Amino acid sequence: MGMSARNSEKSMLLIVMTLSLALMLGGFITGFQTNLSTGMMPAPAPDGTAVPWWSVFGRILMVNLPALCLAFSGVTTGGISTLIAWPLTSIYIGSTMRAASAQLGPGEVLGTIWVYAPGEFAALLIAAGAGLMPAAAAVRAALSAEGSLSPAQHYMTVFPLALKTFGLAAAVLVLAALIETAVVASKGIST
């Protein structure tokens with residue numbers, strides 16, 4: 001039975017991460033199509049003032065941790081808040097990426113974020129997948145004739161795995177924030 005439970009967890013992870021990726025890509029593409037750069041003020045040039053790394057790190061976490069928690073929030077709402085918040089967050093990411101590319105050029109943007117953005121995106125993707133896990137387990141149980149557990153029991157059974165997965169997402173986010181702090185500090189960018 002342990003082996004089938006492990007295979008069930010793997011298939012659950014595959015399902016929710018695929019759904020999370022689809023929501024992210026759909027949101028990002030939608031956001032990237034919006035042109036928010038019209039009428040934007042030019043970005044201020046770095047003034048050379050040194051900002052303490054811990055201050056930069058704290059500001060980065062203050063922006064990213066709420067987004068991570070919002071992506072995971074579906075764990076308590078039957079997946080609904082994740083299904084709403086994750087695409088909206090992805091739309092925001094796509095639209096700001098487009099605005100930054102229009103203002104600074106795609107080469108400058110990608111040259112700056114390539115080292116940390118994949119980690120941030122992966123953390124959000126993982127957190128959203130974790131937020132969808134209990135609901136996906138309950139739906140799968142409701143549609144399956146197998147098993148003696150009710151959908152609500154499946155929901156609660158998957159909850160610990162969702163929390164562990166969220167912990168992984170948080171660790172990835174903190175690592176990406178440390179890397180982003182180093183990049184921001186090295187470029188003298190104000191956050």
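Note that the structure is a prediction, hence the values are computed from the model and not measured.
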Do you know which two heavy atoms are closest between [X] and [Y], and how far apart they sit?
| X | Y | result |
| --- | --- | --- |
| Ala127 | Leu68 | CB-CD1, 3.5 Å |
| Phe32 | Arg98 | O-CD, 2.8 Å |
| Ile126 | Met17 | O-CE, 3.6 Å |

Can you list every ring-ring contact (aromatic ring centres under 6.0 Å, His included) pair that touches residues 80-129, not counting sequence neighbours? none

So which pairs with a foot in residues 139-186 pass ring-ring contact (aromatic ring centres under 6.0 Å, His included), sequence neighbours left out? Phe72-Phe166

Which value, rounded to the nearest 0.5 Å, describes the distance between [X] atom [atom1] and [Y] atom [atom2]?
| X | Y | atom1 | atom2 | answer |
| --- | --- | --- | --- | --- |
| Phe57 | Met62 | CZ | CE | 12.0 Å |
| Leu173 | Glu120 | CG | CD | 6.5 Å |
| Lys164 | Leu168 | NZ | CG | 12.0 Å |

If the condition is side-chain hydrogen bond (donor to acceptor under 3.5 Å, both in side chains), which residues does Thr30 pass it with, not counting sequence neighbours? none

Qualifying residues under side-chain hydrogen bond (donor to acceptor under 3.5 Å, both in side chains), relative to Thr157, sequence neighbours excluded: none

Count I, L, V, M, F, W, Y as connected when their side-chain heavy atoms are under 4.5 Å apart, and connections chain through other members. Are [X] and [Y] then in the same cluster?
| X | Y | result |
| --- | --- | --- |
| Leu178 | Leu124 | yes |
| Ile179 | Leu61 | yes |
| Leu65 | Val63 | no |
| Leu25 | Leu14 | no |
| Leu125 | Ile29 | no |

Show me the donor-acceptor pairs within less than 3.5 Å that the side chains of residues 131-144 make with the rest of the protein, sequence neighbours left out.
{"residue": "Arg140", "atom": "NH1", "partner": "Ser11", "partner atom": "OG", "Å": "2.8"}
{"residue": "Arg140", "atom": "NH2", "partner": "Ser8", "partner atom": "O", "Å": "3.3"}
{"residue": "Arg140", "atom": "NH2", "partner": "Ser8", "partner atom": "OG", "Å": "2.5"}
{"residue": "Ser144", "atom": "OG", "partner": "Glu146", "partner atom": "N", "Å": "3.1"}

Beyond-backbone contact of [X] with [Y], side-chain heavy atoms, under 4.5 angstrom:
| X | Y | result |
| --- | --- | --- |
| Ile113 | Met97 | yes |
| Val184 | Thr112 | no |
| Asn64 | Glu180 | yes |
| Met24 | Ser20 | no |

Indicate yes or no for a side-chain donor-acceptor contact from [X] to the backbone of [Y] under 3.5 Å, with no hydrogens or angles considered.
| X | Y | answer |
| --- | --- | --- |
| Thr34 | Ser95 | no |
| Thr77 | Ser81 | yes |
| Thr82 | Gly74 | yes |

Trace of the side chain to side chain contact (heavy atoms under 4.5 Å, CB included) decision for Met12 with Val16: CA-CA 6 Å; Met12 174 64 56; Val16 297; 4.0 Å; yes

What's in the same ILVMFWY side-chain cluster as Ile84, cut-off under 4.5 Å, chained through other members? Ile80, Leu88, Ile91

